[in-house]
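Please read the structure below before turning to the comments.
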Amino acid sequence: MIDLAQLRREPDEIKAALARRGVSSSTMDEILTLDVEHRRLLQESERLRAEVKELSRQVGEARRDHDDARAETLTIRSRQLGTEERQASERSERVGATLRAALLQIPNVPAPDVPDGRDDQDNVELRRWWVGIDEGAPFPEFEAHQRVPHWEIGRELGILDLEAGARMAGSMFPLYRGAGARLLRALGAFALDAHLDAYEEIRPPSFALTETMTSTGHLPKSQDDMYSIPRDDLWAIPTAEVPLTSMHRGEILDEAALPIRMTAQTACFRREAGAAGRDTRGVDRWLEVSSVSWFRDYQARRANVRYRRADGTTALVHTVNGSALAWARIWAALVETYRQADGSVALPDVLAPYLGGATRLTAKAS
RNA sequence: GGAGGGAUGACAGAGCGGCCGAAUGUACCGGUCUUGAAAACCGGCGUGGGCUUGCCCACCGUGGGUUCAAAUCCCACUCCCUCCGCCA
């Protein structure tokens with residue numbers, strides 16, 4: 001969530017920045033108007049409430065003094081004000097809820113140095129890397145045997161069974177078997193182990209409450225892309241980021257404990273980006289196998305995660321999220337890229353310890 | 001699934017209709033004392049919001065309700081603990 005106080009202070013700056021993400025200036029004006037109205041109503045209801053409290057205090061006094069007539073007069077007056085107060089706070093509450101709902105829809109303010117762009121065509125390439133680049137090897141061209149899609153390789157080698165997955169869970173859920181299943185396990189273990197020097201490994205629940213999803217910014221924005229279990233008010237997590245970010249929700253952390261580093265491997269349930277189903281039959285999709293997001297205090301404001309500074313004040317933390325390996329995509333990229341002319345698949349050496357020493361996938365082995 | 005007990009500030013733990021945002025202790029911060037430290041003593045010590053910056057408002061698991069007035073009474077829910085049942 002963006003900082004409402006900052007929006008009040010620098011409306012033009014925030015508007016200009018958000019315009020780059022397609023948020024219209026009039027949308028922001030509506031929020032500012034709601035904010036003014038909300039504060040007006042809030043003051044009105046708080047003024048009334050203060051008066052009711054004061055009268056109630058005097059009623060107590062009058063009762064102690066056995067001045068029943070005075071107590072009765074004050075009670076009647078307070079009762080009237082109480083009715084007004086209730087109406088005023090309802091109005092304030094209503095506008096406040098509208099304001100909050102509008103704010104939840106507003107995306108994070110982009111950093112000044114982030115380039116504008118509508119889609120990945122506009123991405124700026126900073127660096128290009130490939131195996132052997134240091135030795136002066138040319139950018140590798142794919143051979144014919146590397147142009148076989150992974151679902152065909154998967155069938156050839158008996159390591160991926162999309163039909164079986166579809167039979168039990170629909171086409172969005174792949175089923176890996178044999179060496180293919182073990183390769184996934186190896187990828188996960190490899191990625192987790194690679195971070196154990198600095199990160200605490202977490203095994204979180206696969207589901208999160210609506211409240212939790214909202215605090216990480218996935219709701220209401222990405223509602224349509226997620227799997228839900230309405231009966232239990234649960235959502236299947238789209239990334240480990242959801243449970244990890246939520247671990248300290250509502251807490252005030254000790255500054256000395258920062259930064260807190262955690263890592264986890266989870267299933268990532270997403271409607272549009274199925275791991276290996278029909279929807280991903282575009283190779284382009286795999287070229288972002290890993291990503292890192294820096295939210296500044298956007299998530300922390302929603303999740304109310306703060307820390308205490310040395311001077312005793314509190315401040316929102318920043319959250320950073322990075323995917324080590326999008327393992328389903330990596331799996332597909334590996335079997336396609338390292339497919340050999342004979343149809344077998346060579347495996348990276350770093351995975352061998354996790355594969356019982358195996359360095360190759362063959363039809364026979366699976 | 002059933003029965004009972006509980007949820008209050010960083011922690012422990014009082015309060016069970018009327019200056020209670022909350023006693024007390026511990027922890028923490030500052031000071032006195034001390035060569036220094038400890039002890040002792042004194043003072044401070046929750047979070048957020050609003051505005052006329054000194055005041056006001058909210059928060060005692062969550063949400064409703066009763067009342068002039070709710071941490072305190074009533075209802076629902078959530079979570080934790082104990083016992084019984086179930087356990088593909």
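Throughout, a chain's letter reflects where its sequence line sits, starting with A, and its residues are numbered from 1.
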Establish, with yes or no, whether the OP1 or OP2 oxygen of U67(B) is under 4.0 angstrom from a side-chain nitrogen or oxygen of Arg79(A). no
Under 4.0 Å between any heavy atoms, over every strand shown, what does Ser56(A) touch: base, sugar-phosphate, or nothing? Just pick one. base
Quick one: Leu81(A) CG to C57(B) C1', roughly how many Å, whole number? 16 Å
Mapping Gly60(A) and Leu74(A) onto RNA chain B by nearest heavy atom, which one lands closer to the 5' end? Gly60(A)
Hey, is the main chain of Leu104(A) close enough, under 3.5 Å, to the side chain of Arg302(A) for a donor-acceptor pair? yes
Would a 4.5 Å heavy-atom cut-off, applied to side chains only, mark Lys15(A) and Asp29(A) as touching? yes
Given the C1' atoms of A39(B) and C33(B), what is the spacing between them in whole Å? 11 Å
Could you state the CD-C1' distance from Glu46(A) to U52(B), rounded to the nearest angstrom? 15 Å
What contact category does Thr314(A) fall into here, base, sugar-phosphate, or nothing, at under 4.0 angstrom with non-hydrogen atoms? sugar-phosphate
Whole angstrom value for the distance that separates C1' of G49(B) from CG of Leu99(A): 13 Å
Determine which nucleotide pairs with C59(B), using a 3.5 Å limit on both distances of a Watson-Crick or G-U wobble pair. G46(B)
Rounded distance in Å between the P positions of G21(B) and A70(B): 11 Å
Could you tell me which nucleotide pairs with C41(B) by Watson-Crick or G-U wobble geometry, both distances under 3.5 Å, or answer none if nothing does? G31(B)
Distance in Å, Tyr307(A) OH paired with Leu258(A) CG, rounded so as to fall on 0.5 Å steps: 7.5 Å
Suppose we define a pair by two distances each less than 3.5 Å, Watson-Crick or G-U wobble; what does U78(B) pair with here? A7(B)
CD on Glu44(A) to CZ on Arg39(A), rounded to 0.5 Å: 15.5 Å
Just to be sure I understand the rule, does Arg47(A) reach a base, reach only the sugar-phosphate, or reach nothing, if contact means heavy atoms closer than 4.0 Å? nothing
Who is the Watson-Crick or G-U wobble partner of A88(B), with both distances under 3.5 Å? none
Arg167(A) and Glu163(A) ion-paired at < 4.0 Å: no
In whole angstrom, what separates Leu316(A)'s CG from U47(B)'s P? 14 Å
Which of the following nucleotides, G46(B), C51(B), G18(B), is nearest to the side chain of Gln43(A)? C51(B)
Students often get this wrong, so: under 4.0 angstrom with heavy atoms, is Arg40(A) touching a base, only sugar-phosphate, or nothing? nothing
Rounding to a whole Å, what distance do you find between Arg77(A):CZ and A69(B):P? 14 Å
Tell me which nucleotide among U47(B), C56(B), G50(B) gets nearest to the side chain of Arg308(A). U47(B)
Determine the contact category for Arg8(A): base if any of its heavy atoms lies under 4.0 Å from a base atom, sugar-phosphate if only primed atoms, P, OP1 or OP2 are that close, otherwise nothing. sugar-phosphate
Rounded to whole Å, how long is the line connecting atom CD of Glu211(A) with atom C1' of U62(B)? 9 Å
When the distance from CZ of Arg9(A) to C1' of G50(B) is rounded to whole Å, what number comes out? 16 Å
With the threshold set at 4.0 Å, does a side-chain nitrogen-carboxylate oxygen contact exist between Glu156(A) and Arg339(A)? yes
Would you tell me if any nitrogen or oxygen in the side chain of Lys53(A) comes within less than 4.0 Å of OP1 or OP2 on A70(B)? no
Can you tell me how far the CG atom of Leu325(A) sits from the CG atom of Leu184(A), to the nearest 0.5 Å? 11.0 Å
Taking a pair to mean Watson-Crick or G-U wobble geometry with both distances below 3.5 Å, C83(B) pairs with G2(B)
Could you let me know what U53(B) is paired to, Watson-Crick or G-U wobble, both distances under 3.5 Å, or none if it's on its own? none
What's the closest nucleotide to the Arg306(A) side chain, out of U47(B), C57(B), G50(B)? U47(B)
Between Leu4(A) (CG) and C51(B) (P), how many Å, whole number? 10 Å
Pairwise 5' ranking along RNA chain B for Glu61(A) and Ile252(A), keeping only the more 5' one: Glu61(A)
Go through A58(B), G50(B), C68(B) for me and flag the one nearest to the Ser78(A) side chain. C68(B)
Please give the nucleotide sitting opposite G17(B) as a Watson-Crick or G-U wobble pair, both distances under 3.5 Å, or none. none
In Watson-Crick or G-U wobble terms, both distances under 3.5 Å, what is the partner of U66(B)? none
